[in-house]
Q: 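Have a look at this one before I ask anything.
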Amino acid sequence: MHEFKCDKNTAIVDTRQGKLRGYVYDGITIFKGIQYATAKRFHAPVPVEPWEGVKDATSYGYVCPLLEIEKPQGEVLVPHRYWAMNEDCLNLNVWTPACDGKKRPVMVWLHGGAYEFGSAIEQVAYEGENMCRIGQVVVVSVNHRLNILGYCDLSAFGEEYANSGNAGTDDLVAALQWIHENIENFGGDPDNVILFGQSGGGGKITTLLQTPAADGLYAKGINMSGVVSMSLKDSTGSGEELAIAMMAELGTEEIKDLENVSYERLAEVYKIVRPEFEEKGKYVGCTPHPNAFYAGTPEVNGFRKETAKIPLLVGTVFGEFTSFAATPYDKHSMTAEEGKAMVKEVVGEKAAEELIPLFEAAYPERHPVDLLNLDFLFRLPAQQYIRLRSKLNSSTYSYMFNLDLPIDGGRTPWHCADIPYVFHNTELVPVTQEEGVTEIIEKQIFDTVMAFAYTGDPNHEGIPFWPASTPEEEHTLIIDKNTRILSNYDEELIPLVAKYMGSIFAKQMEKGDGQIQH
């Protein structure tokens, strides 16, 4: 029998704005849909007005409206939940062992989906209860404005829109300010806030590192598959021309009409004008906009030195996007030589001659045909990011999730595959289940995350000693059935994979092969 309590005397907590009521489930106190700020469209968030009495916090809040209605697909790989959408989406959720004033680490989850999709509760694996109970930490997940609601530069139209190109990041700063002011009452330590996020969520950690207004509001970061060289680029230039084109589609010359039209109509006109602007390389928004508020991506502008003391875990997954599509061959019935022959057929003999020996050296445990699923889109910029970041400090750690999962006889791991292990939620994701393996890998990963949360050092007795990376040596924790540390193990391989397989991957994406998830 599970314990449940929800009444006028249970799970009541004070915040600076007023009292909230959550509920208790199996000893964990849970609050959902807490409004941390409010905002007019395209404007900066402002604090919530104080209230009298006790406000209910037992239901998830709205999530940000999306430009496209999502089509459920690939759910056996990445199970999702879909939720009610509304622009009134500046809310967060809290799981805590107790609202007792103790100072526990605070794990703040930033969801994936680039800066355009997703939500704090989108994936089943985002549930914070197990992480909270087993790790004795406070877990917070955050919703914020996305797509053109969160990232559309209208600064040319007046000071009130000065940072509309980063409104979604402004929301995250407001959420972190709320956490800083209130989390102690939830049993958390405002001075030990750990940002962790995957894909776009990892990208948002980098964005916050480059945002001076966020300084002092977090202590550490875990960037999971969040360094990518294509979809998460900054939106440079002015959004003025885009706004004018959208207004023309609306039949108006008034910027306020973009602010006041329904979201459905706003999204409609944006989707009409976006393709032409993209084709011409013009500003289309939907990613952060460098300005006085945001210093720009560190790959172009360098990391802000003010963030040098922030330790980071940075890593990727072996297959990322390429592993979403089931392969047209059965590697389990192929010999190594047959696998090499297939690689030659796909990439050409010259490329194969260079790639295969490097792949075998980097991944001697793998079938040669797995080379065709090896990610470079995330791994190459992550290599560069880690090298750049480690120039600032001695607390930048590199990892690779290399565990095949038990579908189709064993498939190379895909984008998002590591999330259930980080949250200690493999029990919620059937595709993770492999007897004698799942529990070991989940404990290794979870204990690593908790060690890092508590101390800033990810080392613990369950893994080999893991040194921080340096600009010269990237010491990577390879996580699989033989978890180990390798140094510069794929330094030569990945640039060549990008060189020879980039066009092949691009053609696959154009054809729509695979079921890319966030």
Side-chain angles (χ1 to χ4, degrees), residues 1-15 17-36 51 53-63 79-84 91-109 111 119-143 178-179 182-190 192-194 196 419-430 432-433 438-440 442-443 445-447 449-451 453-454:
M1 178 67 71
H2 296 280
E3 174 201 21
F4 172 76
K5 291 182 181 179
C6 185
D7 56 52
K8 64 180 181 180
N9 298 314
T10 299
I12 307 297
V13 66
D14 284 309
T15 72
Q17 292 76 32
K19 293 181 182 292
L20 293 168
R21 184 185 78 162
Y23 63 93
V24 174
Y25 188 69
D26 283 352
I28 299 302
T29 305
I30 302 170
F31 300 86
K32 296 177 176 178
I34 300 172
Q35 189 175 28
Y36 61 80
W51 62 83
V54 181
K55 184 178 285 192
D56 181 81
T58 60
S59 301
Y60 287 126
Y62 290 121
V63 303
H80 282 66
R81 300 184 285 206
Y82 301 93
W83 201 250
N91 60 72
L92 52 80
N93 312 297
V94 179
W95 293 261
T96 179
C99 296
D100 54 9
K102 288 187 179 179
K103 291 189 174 182
R104 302 173 178 86
V106 182
M107 304 293 298
V108 178
W109 176 248
H111 69 78
S119 80
I121 62 170
E122 178 188 39
Q123 289 192 31
V124 171
Y126 291 177
E127 189 72 27
E129 183 181 334
N130 283 343
M131 174 176 276
C132 173
R133 178 181 295 107
I134 298 167
Q136 287 297 293
V137 294
V138 178
V139 181
V140 181
S141 62
V142 181
N143 282 311
W178 185 96
I179 291 166
N182 293 290
I183 207 66
E184 195 166 350
N185 288 353
F186 291 81
D189 183 353
N192 190 18
V193 171
I194 302 93
F196 70 125
I419 295 173
Y421 301 84
V422 169
F423 275 91
H424 212 292
N425 278 340
T426 60
E427 65 186 58
L428 304 179
V429 182
T432 63
Q433 300 304 301
T438 305
E439 299 90 338
I440 294 171
E442 183 170 51
K443 181 170 174 53
I445 292 176
F446 188 77
D447 288 356
V449 170
M450 290 299 103
Y454 276 91

Q: If you apply the rule side chain to side chain contact (heavy atoms under 4.5 Å, CB included), what do you find for Ile30 with Trp95, and how did you get there?
A: CA-CA 5 Å; Ile30 302 170; Trp95 293 261; 3.6 Å; yes

Q: Looking at NZ of Lys102 and CG of Asp189, how far apart are the two atoms once the value is rounded to the nearest 0.5 Å?
A: 13.5 Å

Q: Less than 4.5 Å apart, side chain to side chain, heavy atoms only: is that true for Pro79 and Val429?
A: yes

Q: Are the side chains of Val54 and Lys8 in touch, meaning some heavy atoms are under 4.5 Å apart?
A: no

Q: Between Asn192 and Lys103, is any pair of side-chain heavy atoms under 4.5 Å apart?
A: no

Q: Donor-acceptor pair, Asn130 side chain versus His424 backbone, under 3.5 Å?
A: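 Yes, Asn130 side chain to His424 backbone: donor-acceptor pair under 3.5 Å.
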
Q: With sequence neighbours excluded, tell me which residues meet side-chain contact (heavy atoms from CB on, under 4.5 Å) with Val422.
A: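 With sequence neighbours excluded, Val422 shows a side-chain contact (heavy atoms from CB on, under 4.5 Å) to Met131, Phe196, Met224, Ile445, Val449, given in chain and number order.
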
Q: If we only count heavy atoms from C-beta on, is the Tyr454 to Ile194 side-chain gap below 4.5 Å?
A: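 They are not in contact (no side-chain heavy atoms under 4.5 Å apart), so the answer is no.
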
Q: To the nearest 0.5 Å, what is the distance between CD1 (Ile440) and OH (Tyr421)?
A: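 Between atom CD1 of Ile440 and atom OH of Tyr421 there are 11.5 Å.
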
Q: Where do Arg81 and Ile121 come nearest, in terms of heavy atoms and distance?
A: NE-O, 3.1 Å

Q: Could you pull out the closest heavy-atom pair between Ile28 and Pro97, with the gap in Å?
A: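 Minimum heavy-atom contact is CD1-CA, 4.2 Å.
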
Q: Can you list the residues that meet the salt bridge (charged side-chain N to carboxylate O under 4.0 Å, His left out) rule with Glu129, with sequence neighbours excluded?
A: Arg133

Q: Determine, stepwise, if the pair Phe423 / Glu127 fulfils side chain to side chain contact (heavy atoms under 4.5 Å, CB included).
A: CA-CA 7 Å; Phe423 275 91; Glu127 189 72 27; over 6 Å; no

Q: Which heavy atom of Gln17 sits nearest to which heavy atom of Asn182, and what is that distance?
A: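 In terms of heavy atoms, the two residues are closest at OE1-ND2, 4.0 Å.
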
Q: Test side chain to side chain contact (heavy atoms under 4.5 Å, CB included) on Thr15 and Asn185 and set out the steps.
A: CA-CA 7 Å; Thr15 72; Asn185 288 353; 6.0 Å; no

Q: Give a yes or no answer on whether the side chain of Asn91 reaches the backbone of Tyr60 with a donor-acceptor pair at less than 3.5 Å.
A: no

Q: Has the side chain of Arg104 got a donor or acceptor atom that lies under 3.5 Å from a matching backbone atom of Gly187?
A: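 Checked: pair present.
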
Q: Could you pull out the closest heavy-atom pair between Ala57 and Ile34, with the gap in Å?
A: CB-CG1, 4.2 Å

Q: Any chance you could measure Asp26, atom CG, to Met1, atom CE, to the nearest 0.5 Å?
A: 11.0 Å

Q: Rounded to the nearest 0.5 Å, what's the gap from CG on Asp447 to CD on Glu442? Could you check?
A: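 One gets 10.0 Å once the value is rounded to the nearest 0.5 Å.
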
Q: Taking Thr426's backbone N and O only, do any of them form a donor-acceptor pair with Gln433's side chain (distance below 3.5 Å, no angle check)?
A: yes

Q: Return yes if some donor-acceptor pair links the side-chain N/O of Trp83 with the main-chain N/O of Gly61 below 3.5 Å, else return no.
A: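 Indeed, once roles are kept as given, a pair shorter than 3.5 Å links the two residues.
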
Q: Is there a donor-acceptor pair closer than 3.5 Å between any side-chain N or O of Asn425 and the backbone N or O of Tyr126?
A: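 No, the answer is negative, given that no donor and acceptor are paired below the 3.5 Å cut-off.
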
Q: Can a donor-acceptor pair be found, under 3.5 Å and without considering hydrogens, that links the side chain of Glu122 to the backbone of His111?
A: no

Q: Using 0.5 Å steps for rounding, measure from the CG atom of Asn93 to the CH2 atom of Trp109.
A: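 Output value for this atom pair is 13.5 Å.
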
Q: Mind checking what makes side-chain contact (heavy atoms from CB on, under 4.5 Å) contact with Pro190, not counting sequence neighbours?
A: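 Partners of Pro190 by the side-chain contact (heavy atoms from CB on, under 4.5 Å) criterion, ordered by chain and then number, come out as His180, Ile183, Glu184.
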
Q: Quick check: closest heavy atoms across Ile419 and Ala125, and the distance to 0.1 Å?
A: CG2-CB, 3.9 Å

Q: As an exercise, state the distance from OG of Ser141 to CD of Gln123, rounded to the nearest 0.5 Å.
A: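 Here the interatomic distance stands at 12.5 Å.
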
Q: Dump the intermediate steps for side chain to side chain contact (heavy atoms under 4.5 Å, CB included) on Val137 and Met450, then the final yes or no.
A: CA-CA 9 Å; Val137 294; Met450 290 299 103; 3.8 Å; yes

Q: Measure the acute angle between the ring planes of Phe31 and Phe186, then classify it against the limits of 30° and 60° as parallel, tilted or perpendicular.
A: perpendicular

Q: Compare every heavy atom of Cys6 with every heavy atom of Thr58, then report the nearest pair and how far apart it is.
A: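 Nearest heavy atoms, Thr58 then Cys6: CG2-SG, 4.3 Å.
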
Q: Taking the side chain as every heavy atom from C-beta outward, state whether Met107 and Cys132 have any atom pair closer than 4.5 Å.
A: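 Sidechains of Cys132 and Met107: no contact.
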
Q: Are the side chain of Asp14 and the backbone N or O of Lys19 linked by a donor-acceptor pair below 3.5 Å?
A: no

